[in-house]
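Before any comments, here is the structure.
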Amino acid sequence: MAFGSRPTGSGKHRGSSRLSRKTAGYAGIAALATTGVVGSLAAPAFAADNGNNNHSQDNALGAVVVAEDLPGDIADQAESQQRAAEQAAAKAQAEAEAKQRAAEAKRLAEAKAKAEREAAERAAREEERKRLNTFVAPVPGGISTQYHAGGGMWSSGSHTGIDFRAASGTSVRAVGLGTVVEAGWGGAYGNNVVIKHNDGTYTQYGHMTSLSVSVGQQVTPGQQIGLSGSTGNSSGPHLHFEARTGADYGSDIDPVAYLRSHGVSL
């Protein structure tokens, strides 16, 4: 008896593994699951002839296996979508909170800047108020002739003011805040200026060589009102300064005491 190789039928092949059938089944079942068609996959297999019975049973088994796994896959997908939605919501909330914090920080910064600006403005107003209420000496020089000094140079028989040493052309300043009520030639006083102050008192500046203010003008402490000289009844360059209770001659008061009462040291 001769032995030979067993011929391999060209029409036969190895059947697909269960894993392969399961993988293939996923593709079909995933597409049909939502329409309720999964159950129909097994029915035609059982209706086939006996020759294809084993193959049909295998197909039915693969469909059942896939159908059993499908709910878990759908649940995983839903959970993944829920996580993505929660992350998106958390991101949106974080962005909204960041915007809110930024807006609050901006509001606080603006409020702080406003408060600082208002404080600076109040300080500036207070400083200006103090400056306007401050009195200064009319010229930097010392006193050469005292108040009520006697002599024939004065028609009243005594000096009605004080004389400050001042070279010709020295800047003469208003001693305090007030309004100019006289500016021009004043007879024996030469070129002179009279200022009414806020407390109702008056000051006079005489013998100036030139004037730099006019009647009705508001002046501030230390503002230049003219230049010293020797005009009128004068023996040489100096500034004649008077303090008065009224605008006219004869209402004079002690100018040294007047200036000292307003904080001016002489």
Side-chain angles (χ1 to χ4, degrees), residues 127-266:
E127 185 65 25
E128 180 65 5
R129 185 190 68 80
K130 290 179 180 179
R131 186 185 73 81
L132 294 177
N133 288 327
T134 300
F135 273 61
V136 300
V139 290
I143 298 173
S144 59
T145 306
Q146 296 291 337
Y147 178 59
H148 277 178
M153 292 185 61
W154 303 285
S155 59
S156 64
S158 66
H159 198 204
T160 55
I162 55 176
D163 291 340
F164 285 94
R165 297 184 185 90
S168 183
T170 300
S171 176
V172 177
R173 304 176 299 177
V175 296
L177 181 68
T179 303
V180 176
V181 295
E182 183 179 339
W185 188 257
Y189 291 106
N191 292 319
N192 86 124
V193 170
V194 178
I195 298 172
K196 181 180 181 180
H197 300 282
N198 288 349
D199 61 359
T201 59
Y202 295 77
T203 53
Q204 182 189 36
Y205 312 77
H207 305 308
M208 289 190 284
T209 187
S210 64
L211 308 179
S212 43
V213 292
S214 57
V215 173
Q217 183 176 339
Q218 296 287 322
V219 293
T220 58
Q223 179 179 335
Q224 179 175 300
I225 58 174
L227 300 177
S228 66
S230 186
T231 58
N233 185 15
S234 171
S235 59
H238 69 281
L239 173 69
H240 176 82
F241 175 79
E242 288 189 18
R244 298 174 176 176
T245 57
D248 300 325
Y249 176 82
S251 61
D252 55 278
I253 57 177
D254 186 347
V256 174
Y258 173 81
L259 290 176
R260 284 176 177 171
S261 71
H262 288 86
V264 179
S265 297
L266 296 176

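Keep in mind that the numbers below use all heavy atoms, side chains included, and drop hydrogens, waters and symmetry copies.
Among pairs with a residue in residues 180-205, none fulfils salt bridge (Lys or Arg N to Asp or Glu O under 4.0 Å), at least two apart in sequence or across chains. Listed by first and then second residue, the salt bridge (Lys or Arg N to Asp or Glu O under 4.0 Å) pairs that reach into residues 205-231 come to none, sequence neighbours excluded. Listed by first and then second residue, the ring pair (Phe, Tyr, Trp, His ring centres under 6.0 Å) pairs involving residues 165-192 are Tyr189-His240 (not counting sequence neighbours). Among pairs with a residue in residues 230-248, those fulfilling salt bridge (Lys or Arg N to Asp or Glu O under 4.0 Å) read Glu242-Arg244, at least two apart in sequence or across chains.
Considering only residues two or more places apart in sequence or on other chains, Arg260 meets the side-chain hydrogen bond (donor to acceptor under 3.5 Å, both in side chains) condition with none of them. Remark: Ser230 engages Ser234, Pro237 in a side chain to side chain contact (heavy atoms under 4.5 Å, CB included) (not counting sequence neighbours). Applying the side chain to side chain contact (heavy atoms under 4.5 Å, CB included) rule to Thr245 yields the partners Ser251, Ile253; only residues at least two apart in sequence or on another chain are considered. Considering only residues two or more places apart in sequence or on other chains, Gln224 meets the side-chain hydrogen bond (donor to acceptor under 3.5 Å, both in side chains) condition with Ser171. When the side-chain hydrogen bond (donor to acceptor under 3.5 Å, both in side chains) test is applied to Tyr147, the partners found at least two apart in sequence or on another chain are Asp252. Annotation: ring pair (Phe, Tyr, Trp, His ring centres under 6.0 Å) contacts of Phe164 (sequence neighbours excluded): none. For the side-chain hydrogen bond (donor to acceptor under 3.5 Å, both in side chains) test, residues two or more places apart in sequence or in another chain that qualify with Thr203 are His197, Tyr205.
Side-chain atoms of Leu266 and Ile143, non-hydrogen and from C-beta on, do get closer than 4.5 Å to each other. With a 4.5 Å cut-off on side-chain heavy atoms, Pro221 and Leu132 count as touching. Counting only heavy atoms from C-beta outward, the side chains of Arg173 and Gln223 never approach each other to under 4.5 Å. Contact annotation: the side chain of Val180 approaches that of Val193 to within less than 4.5 Å [non-hydrogen atoms, C-beta and beyond]. Val219 is not listed as a side-chain neighbour of Thr179, based on a closest heavy-atom distance of 4.5 Å or more. For the pair Asp163 and Leu239, the minimum side-chain heavy-atom distance is 4.5 Å or more.
Summarising the geometry of Ala243 relative to Pro255, their closest heavy-atom pair is CB-CA, 4.0 Å, with the distance given to 0.1 Å. For Ala167 against Ser228, the heavy-atom pair with the smallest separation is O-OG, 2.6 Å. When all heavy atoms of Ala174 and Thr220 are compared, the pair lying nearest together is CB-O, 3.8 Å. Residues Leu211 and Met208 approach most closely at CD2-CE, 3.3 Å, considering heavy atoms. Residues His159 and Thr145 come closest through the heavy atom pair ND1-CG2, 3.3 Å.
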The test is side-chain hydrogen bond (donor to acceptor under 3.5 Å, both in side chains); show your working for Thr160 and Tyr249 and say whether it passes.
CA-CA 9 Å; Thr160 55; Tyr249 176 82; 5.2 Å; no

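Counting only distance, with no hydrogens or angles, the side chain of His238 and the backbone of Gly236 share a donor-acceptor pair below 3.5 Å. Listed for the Asn192 side chain is a donor-acceptor partner under 3.5 Å among the backbone atoms of Gly184.
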Check residues 134-142 and write down every donor-acceptor pair under 3.5 Å in which the side-chain atom is one partner and the other belongs to a residue at least two apart or another chain.
from	atom 1	to	atom 2	distance (Å)
Thr134	OG1	Lys130	O	2.5

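The line from NE2 of His207 to OG of Ser235 is 8.0 Å long, rounded to the nearest 0.5 Å. Atoms OG and CG, on Ser212 and Leu227 in that order, are 6.5 Å from each other to the nearest 0.5 Å.
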